[in-house]
Amino acid sequence: MTKEEILHKLVQDIRLRGLSEDTVAEYQTKARVFMEHFDKPADQMGEAEFREFLQYLQDERKLSPASINTYNSGLRFLYEITLEQNLNYKRIPRVKEPILLPNIMTVKEIEKFFGVIDDLRYKAIFLTVYGSGLRLREVRHLRISDVDSEQMRLFIYQSKGKKDRFAVLSQTSLTVLREYWKAYRPNHPEGYLFLNRAGTECILTALFKTLLKNIAIVPS
């Protein structure tokens, strides 16, 4: 097969297993980078190239253990599922990731963070993320009907691992969400709460990350 034929089959295999579109994009990119590195279709390579590539990522590109392990997962799927090759995984180990304590914001840092957000929409988003412990992807797909003000909880549909769950809704978050709803009146066919400026689609996760960077460099 050609490189493009392999990538096409890879995408089909990922989707057939019901994995997320984020996984589709991630694994497709990893497989493409791997094949471009050797300038060969993956079915003309095997365990030796796999090991050499991981070593290259570690020694030359200096990627983090988490990034290398993501490549490892994507290429394992490529060989085991798409190319139907049995690899000796003991010879292709995952990089051991260091266990680090998370950086926890102080009360003053939290107050400063929310104090510089002057956009009600973003304030509602980040209060929901912080108060309910949501991932950005989860808050992006939050629907109006997912907000349960009676039982003070949020319904999170198809969270990590394709599992539904509930998250606690704080009174502060609920108050700001109500202010946001009254101000913006989001009206999407699928009921999404946070929309782009045009009001046609879910707000992009990239915008959250850009805003976080901007907030991080605001002077004291």
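Keep in mind that this is a model prediction, so the values were computed, not measured. Only this structure's heavy atoms are used, side chains among them; waters, hydrogens and symmetry mates stay out.
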Task: Donor-acceptor contact present, side-chain Glu5 to main-chain Thr2, <3.5 Å - done: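 Such a contact is found between Glu5 side chain and Thr2 backbone.
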Task: Flag, side chain of Arg121 to backbone of Tyr184, donor-acceptor distance under 3.5 Å - done: no
N/O donor-acceptor pairs under 3.5 Å from side chains in residues 24-36, not counting sequence neighbours:
residue, atom, partner, partner atom, Å
Glu26, OE2, Lys30, NZ, 2.9
Thr29, OG1, Ala25, O, 2.8
Arg32, NH1, Glu4, OE2, 2.9

Partner residues of [X] under the side-chain hydrogen bond (donor to acceptor under 3.5 Å, both in side chains) criterion, sequence neighbours left out:
X: Asn187; answer: none
X: Ser73; answer: Arg94
X: Ser20; answer: Thr23
X: Asp118; answer: none

Do [X] and [Y] share a hydrophobic cluster (ILVMFWY, side-chain heavy atoms under 4.5 Å, transitive)?
X: Trp181; Y: Leu174; value: yes
X: Leu154; Y: Met152; value: yes
X: Leu136; Y: Leu195; value: no
X: Ile6; Y: Ile81; value: yes
X: Ile68; Y: Phe38; value: yes

What pairs of residues pass the salt bridge (Lys or Arg N to Asp or Glu O under 4.0 Å) test when at least one of them lies in [range], not counting sequence neighbours?
range: residues 56-73; answer: none
range: residues 7-20; answer: Lys9-Asp13, Arg15-Glu21
range: residues 145-155; answer: Arg143-Asp146, Asp148-Arg153

Using side-chain heavy atoms (C-beta onward) and a distance below 4.5 Å, is [X] in contact with [Y]?
X: Ile144; Y: Pro186; result: yes
X: Leu120; Y: Val176; result: yes
X: Cys202; Y: Arg140; result: yes

Which atom names give the shortest non-hydrogen contact between [X] and [Y], and what distance separates them?
X: Asp43; Y: Met1; answer: OD2-N, 3.0 Å
X: Leu142; Y: Phe155; answer: CD1-O, 4.0 Å
X: Ser132; Y: Val168; answer: OG-O, 2.6 Å

Separation between [atom1] of [X] and [atom2] of [Y], rounded to the nearest 0.5 Å:
X: Tyr79; Y: Leu87; atom1: OH; atom2: CG; answer: 7.5 Å
X: Glu179; Y: Lys182; atom1: CD; atom2: NZ; answer: 8.0 Å
X: Gln171; Y: Ser149; atom1: CD; atom2: OG; answer: 9.0 Å
X: Leu57; Y: Leu63; atom1: CG; atom2: CG; answer: 5.0 Å
X: Phe53; Y: Met45; atom1: CZ; atom2: CE; answer: 9.0 Å

Task: Working for side chain to side chain contact (heavy atoms under 4.5 Å, CB included), residues Lys123 and Tyr180 - done: CA-CA 9 Å; Lys123 189 172 185 178; Tyr180 160 78; over 6 Å; no
TODO: With sequence neighbours excluded, tell me which residues meet ring-ring contact (aromatic ring centres under 6.0 Å, His included) with Tyr157.
DONE: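 Partners of Tyr157 by the ring-ring contact (aromatic ring centres under 6.0 Å, His included) criterion come out as none, since no residue qualifies.
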Open item on the list: Holding to ring-ring contact (aromatic ring centres under 6.0 Å, His included), I want the full list of residues that pass it with Tyr192, two or more places apart in sequence or in another chain.
Closed with: His188
Open item on the list: For Arg165 and Glu138: C-alpha separation, side-chain torsions, deciding distance, then whether side chain to side chain contact (heavy atoms under 4.5 Å, CB included) applies.
Closed with: CA-CA 11 Å; Arg165 68 183 180 91; Glu138 292 172 342; 2.8 Å; yes
TODO: Using salt bridge (charged side-chain N to carboxylate O under 4.0 Å, His left out) as the criterion, list what pairs up with Asp22, not counting sequence neighbours.
DONE: Arg137
Open item on the list: Checking Asp39 now: which residues fulfil salt bridge (charged side-chain N to carboxylate O under 4.0 Å, His left out) with it, not counting sequence neighbours?
Closed with: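 Asp39 satisfies salt bridge (charged side-chain N to carboxylate O under 4.0 Å, His left out) with Lys3 once adjacent residues are dropped.
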Open item on the list: Just checking His8: does its NE2 atom have more than 12 heavy atoms from other residues, nucleotides or ligands closer to it than 6.0 angstrom?
Closed with: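 Check fails, neighbour count at 12 or below.
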TODO: Take Leu193 and Thr128 through the test side chain to side chain contact (heavy atoms under 4.5 Å, CB included) and record every step on the way to the result.
DONE: CA-CA 12 Å; Leu193 183 58; Thr128 305; over 6 Å; no
- [ ] Apply side chain to side chain contact (heavy atoms under 4.5 Å, CB included) to Val139 and Phe126, showing your working.
- [x] CA-CA 9 Å; Val139 77; Phe126 287 117; over 6 Å; no
